[in-house]
Novice: 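Here it is, the structure in full.
Sequence lines set the chain letters: A, B, ... in the order given, protein chains first and strands last, and positions in each chain run from 1.
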Amino acid sequence: DAKTTQPPSMDCAEGRAANLPCNHSTISGNEYVYWYRQIHSQGPQYIIHGLKNNETNEMASLIITEDRKSSTLILPHATLRDTAVYYCIVVPMNTGFQKLVFGTGTRLLVSP
Amino acid sequence: DTEVTQTPKHLVMGMTNKKSLKCEQHMGHRAMYWYKQKAKKPPELMFVYSYEKLSINESVPSRFSPECPNSSLLNLHLHALQPEDSALYLCASSHYTGGSYEQYFGPGTRLTVT
């Protein structure tokens, strides 16, 4: 069962920052926040993850609130190729494998 | 090489056929996964293999039979499927490093059951 809530859709102008929110109010202390995206007709792609600190990589930044009940994925300069469904997933720590339970995600449309 | 390959890309099969989907990775990952994705829905986990042993079966009907012959290869054997089994079947692999995972997904096999 998905433990996250995301808006069903968002729009963003090309070149602007895209801020995608996610609520995970029931997250427990040993659970990470992971973000994946799925571009049309492709397999999902890992973006970023975090436990409690803010994280940044070459694709995006992840801001997690201090109480860990919500987070925001930031694409700093959205391009048309960032149009995709973005999934925020809460995942328990496990050393053997990772069980991903996808929610309905946010469909981001980047327009010229 | 950070690629997960899946064959075939498309498959059409009748309800009495037996077919197999194949997934391969050469990243040294020891966990491999099968997901099913219906149109306009999110992926749903079907099976997880960890170190070539079946770790999770999400109550998948027995007409789907997974197999992990070695650490690089994952198969999904299909038999007596129903039209409602038509979907995109995704394979993924992952490795645990430094307290985190990153699952790599293949492009999927689009299955149509007639």
Side-chain angles (χ1 to χ4, degrees), chain A residues 1-9 22 29-60 62 64 84-109, chain B residues 2-6 9-10 21 23 25 27 29-59 66 68 71 74 87-110:
Chain A
D1 297 326
K3 303 183 196 179
T4 62
T5 304
Q6 299 178 253
S9 64
C22 179
N30 70 341
E31 290 181 319
Y32 286 79
V33 179
Y34 275 76
W35 284 82
Y36 282 78
R37 73 179 183 184
Q38 188 171 22
I39 296 169
H40 183 60
S41 297
Q42 297 183 19
Q45 177 190 24
Y46 165 84
I47 302 172
I48 198 166
H49 75 278
L51 185 61
K52 48 187 173 183
N53 297 325
N54 298 337
E55 303 287 345
T56 295
N57 63 19
E58 64 279 2
M59 287 183 70
L62 175 61
I64 302 175
V85 179
Y86 287 77
Y87 296 101
C88 167
I89 308 172
V90 168
V91 185
M93 189 183 302
N94 187 315
T95 59
F97 52 85
Q98 181 189 53
K99 181 175 176 179
L100 294 180
V101 178
F102 288 83
T104 51
T106 295
R107 187 171 299 274
L108 176 69
L109 175 63
Chain B
T2 58
E3 190 179 22
V4 174
T5 59
Q6 290 188 244
K9 289 192 186 330
H10 300 274
L21 309 185
C23 173
Q25 57 88 15
M27 294 177 278
H29 292 174
R30 302 311 297 271
M32 296 187 76
Y33 312 75
W34 280 115
Y35 291 83
K36 173 181 177 179
Q37 186 172 26
K38 302 280 282 183
K40 300 189 187 307
K41 296 291 187 183
E44 294 179 356
L45 183 65
M46 299 174 71
F47 303 104
V48 179
Y49 274 83
S50 179
Y51 291 87
E52 293 101 70
K53 286 187 170 31
L54 184 63
S55 296
I56 291 182
N57 175 342
E58 293 284 38
S59 303
C68 190
S71 60
L74 186 65
L88 181 69
Y89 288 85
L90 294 159
C91 173
S93 69
S94 71
H95 183 64
Y96 179 75
T97 53
S100 66
Y101 286 95
E102 181 178 329
Q103 277 195 35
Y104 290 81
F105 284 80
T109 293
R110 190 162 298 280

Novice: Using a 3.5 Å distance criterion without hydrogens, assess whether the side chain of Tyr34(A) forms a donor-acceptor pair with backbone atoms of Tyr101(B).
Specialist: yes

Novice: At a heavy-atom separation under 4.5 Å, does Gln6(B) approach chain A through its side chain, its backbone, both, or neither?
Specialist: neither

Novice: Can you tell which part of Gln37(B) gets under 4.5 Å to a heavy atom of chain A, answering side chain, backbone, both or neither?
Specialist: side chain

Novice: Can you confirm whether more than 12 heavy atoms, excluding those of Lys38(B), are under 6.0 Å from its NZ atom?
Specialist: yes

Novice: Checking heavy atoms, do the side chain of Pro107(B), its backbone, both or neither come under 4.5 Å from chain A?
Specialist: backbone

Novice: Answer yes or no: are there more than 12 heavy-atom neighbours, outside Arg107(A) itself, under 6.0 Å from its atom CZ?
Specialist: no

Novice: Measuring heavy-atom distances to chain A, does Tyr49(B) have an atom under 4.5 Å in its side chain, in its backbone, in both, or in neither?
Specialist: neither

Novice: Side-chain contact test, heavy atoms from C-beta onward, threshold under 4.5 Å: evaluate it for Lys99(A) versus Leu45(B) and give yes or no.
Specialist: yes

Novice: What is the distance from atom CG of Leu100(A) to atom CD of Glu44(B), rounded to the nearest 0.5 Å?
Specialist: 13.5 Å

Novice: Looking at chain A, which one of Cys91(B), Gly108(B), Pro43(B) has the largest number of heavy-atom pairs inside 4.5 Å, strictly under?
Specialist: Pro43(B)

Novice: Locate the shortest heavy-atom distance separating Gln98(A) from Gln103(B); write the atom from each residue and the value.
Specialist: O-NE2, 2.9 Å

Novice: So which heavy atom on Phe102(A) is nearest to which on Pro42(B), and how close?
Specialist: CB-CB, 3.7 Å

Novice: Is any side-chain heavy atom of Tyr35(B) closer than 4.5 Å to one of Pro44(A)?
Specialist: no

Novice: Out of Arg110(B), Glu58(B), Lys40(B), return the one with the most heavy atom pairs under 4.5 angstrom to chain A.
Specialist: Glu58(B)

Novice: Closest heavy-atom contact between Phe97(A) and Ser50(B)?
Specialist: CD2-CB, 3.9 Å

